[in-house]
Trainee: 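Please see the structure below; I have some questions.
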Protein chains: 2
Amino acid sequence: MRADARRNHARLLTAAASAFAEHGEGASLDDIAKRAGVGSGTLYRHFPTRRALLEAAYAARIDALAERGDELSRSLPPSEALTEWLHEVCVATIQVRGLKSLMGSAVADADSTPLTACGTVVRTTAKRLVEQARSEGALRPDLTPADLLRLTHGIATAAELGGGEKDTRRYLDLLLEGLRPLC
Amino acid sequence: MRADARRNHARLLTAAASAFAEHGEGASLDDIAKRAGVGSGTLYRHFPTRRALLEAAYAARIDALAERGDELSRSLPPSEALTEWLHEVCVATIQVRGLKSLMGSAVADADSTPLTACGTVVRTTAKRLVEQARSEGALRPDLTPADLLRLTHGIATAAELGGGEKDTRRYLDLLLEGLRPLC
DNA sequence: ACCTGAACACCGTTCAAGT
DNA sequence: ACCTGAACACCGTTCAAGT
């Protein structure tokens, strides 16, 4: 990769991050190219689709979420670790502007949407946490990690329609009540 | 209202309905005006915002949903009537193209989004069904009708990310499990 | 090998002119 | 009172020309 290409790539990423933060996932691509000081063609060369740019812009945030999953599974009992991690996914979905649609397609059915890098990372973490909670008998056996991620995304959507971040815990707890094995 | 105005209004509504069905809520307004055989200014005169047009295009569908709520509350025990109605809301949200964002803003917090006609109708029906289920002791007392509508919208979102309509029942049942009073 | 930016297509929105 | 459609602004996307 040529030096100027590498530099443009980096400038596009920072420009994209701030534009998405300001205007959400629909931010103008032309504006992003301008902020980065490159021609619009250069943006398309590096990131052929809006999704590719979104994915790249939030890769670090997604990795941080995966890292948090590992931390939680080390420091808490399995079922609490899972609960807490799903809550953090909810909060990130709501409060990080532009992340929502990316998370949505990351947890969508793999047959209908091609699996994204973000999807792989998030599913891997979910899988580990779910398996640990299940082996403790804290989770219905008929739920896949993908089910849980989708339901959590739904809860984030619901909380966003309500009071925002302050409803995430309450709504998630209601859901998780239904996910426990029947008593 | 002048005769041609009334005619244009009607033509715009049918054109909008088919365009939204084909291309979702983002359908081109210019294309809708063309299909209706009117100038674009006429569309804006009748429906100043995209939301106003969406609202008008789906008014009948929303009224039908309210009507179903009344039928269900007459023919089923309160808690089943509520469950069944919420399921029908889910199914409509997923399968009627373009309806989703309208339903979303209909159940959003009234402080952040001005209450729509669709919101009023849907909330009124939810309120009656929730009150009947609650008086039977079948529902947590800390849940408002708005909470339930938001959670249901979240469930529809989750099901859409998964297998579509075939997951609505399963996901909704999981949620409703958590909404029952603690045993 | 990579970049630039003009060019094209498309869309939303407004408004002067028309009936 | 209502309609028309040209005009403007804005955006996504491509690609010939340039280094």
Side-chain angles (χ1 to χ4, degrees), chain A residues 1-58 97-102 104-105 113-114 116 118, chain B residues 1-58 97-102 104-105 113-114 116 118:
Chain A
M1 205 179 204
R2 236 164 60 177
D4 55 347
R6 185 189 316 277
R7 194 182 43 108
N8 284 339
H9 187 94
R11 302 182 107 203
L12 279 166
L13 278 185
T14 45
S18 66
F20 288 141
E22 266 179 59
H23 304 113
E25 46 160 334
S28 155
L29 297 181
D30 209 60
D31 177 53
I32 291 176
K34 278 205 182 69
R35 289 191 199 211
V38 305
S40 48
T42 303
L43 186 151
Y44 284 91
R45 162 175 291 272
H46 287 283
F47 308 100
T49 64
R50 178 184 292 273
R51 186 151 303 278
L53 183 56
L54 267 175
E55 184 111 19
Y58 289 115
R97 253 197 122 182
L99 187 56
K100 199 182 173 198
S101 78
L102 185 61
S105 53
T113 320
T116 61
C118 167
Chain B
M1 205 179 202
R2 235 163 62 175
D4 56 347
R6 185 190 315 278
R7 193 182 45 107
N8 285 338
H9 186 93
R11 301 183 107 204
L12 280 166
L13 278 185
T14 45
S18 67
F20 287 141
E22 265 179 59
H23 303 112
E25 45 159 336
S28 155
L29 297 181
D30 210 59
D31 177 52
I32 290 175
K34 277 206 183 67
R35 289 191 199 210
V38 305
S40 47
T42 303
L43 186 152
Y44 284 92
R45 161 176 292 272
H46 285 283
F47 307 101
T49 65
R50 178 184 292 275
R51 186 150 302 279
L53 182 56
L54 267 176
E55 185 110 21
Y58 289 116
R97 253 197 120 181
L99 187 56
K100 200 184 172 198
S101 77
L102 185 62
S105 53
T113 320
T116 60
C118 167

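Lettering of chains follows the sequences in order, A, B, ..., and the numbering in each one begins at 1.
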Trainee: Rounded to the nearest Å, what distance is computed from the CZ atom of residue B:F47 to the P atom of nucleotide D:dC2?
Mentor: 14 Å
Trainee: Only pairs with both distances under 3.5 Å count, Watson-Crick or wobble alike; so what is the partner of C:dA17 in this structure?
Mentor: none
Trainee: Just by distance, do the side chain of A:R97 and the backbone of A:F20 share a donor-acceptor pair under 3.5 Å?
Mentor: no
Trainee: Using atom CG of A:L43 as one end and atom P of C:dC2 as the other, report the distance to the nearest whole Å.
Mentor: 16 Å
Trainee: Can you give one letter per nucleotide of nucleotides 12-19 of chain D, 5' to 3': B if a protein heavy atom sits under 4.0 Å from the base, S if only from the sugar-phosphate, - if neither?
Mentor: SBBB----
Trainee: Is the A:H9 ring parallel, tilted or perpendicular to the A:F47 ring (thresholds 30°, 60°)?
Mentor: tilted
Trainee: Do B:E25 and B:L102 come close enough that some side-chain heavy atom pair is under 4.5 Å?
Mentor: no
Trainee: Is there a Watson-Crick or G-U wobble partner for D:dC8 with both distances under 3.5 Å, and which nucleotide is it?
Mentor: C:dG12
Trainee: In whole angstroms, how far is the P atom of C:dC11 from the NZ atom of B:K34?
Mentor: 8 Å
Trainee: Roughly how many Å is it from CZ in A:R11 to C1' in C:dT4, rounded to a whole number?
Mentor: 14 Å
Trainee: Using atom CE of B:M1 as one end and atom C1' of D:dC3 as the other, report the distance to the nearest whole Å.
Mentor: 13 Å
Trainee: Tell me the closest heavy-atom pair linking B:A15 and B:I32, and the distance in Å.
Mentor: CB-O, 3.7 Å
Trainee: Applying a 3.5 Å limit to both distances, which nucleotide forms a Watson-Crick or G-U wobble pair with D:dC3?
Mentor: none
Trainee: Which atoms form the tightest heavy-atom contact between A:A19 and A:A27, and what is the distance?
Mentor: O-CB, 3.6 Å
Trainee: Could you tell me how far apart B:I32 (CD1) and C:dC11 (P) are, to the nearest whole angstrom?
Mentor: 11 Å
Trainee: I'd like to know if A:E55 pairs up with A:R50 as an ion pair, taking the criterion as any Lys NZ or Arg NE/NH1/NH2 lying under 4.0 Å from an Asp or Glu carboxylate oxygen.
Mentor: no
Trainee: Taking 4.0 Å as the cut-off, does a side-chain nitrogen or oxygen of B:H46 come that near to OP1 or OP2 on D:dC3?
Mentor: yes
Trainee: Less than 3.5 Å apart, any donor N or O on the side chain of A:R51 or A:T116 sitting next to an acceptor on the other?
Mentor: no
Trainee: At under 4.0 Å, does any side-chain N or O of B:N8 touch on OP1 or OP2 of D:dC3?
Mentor: yes
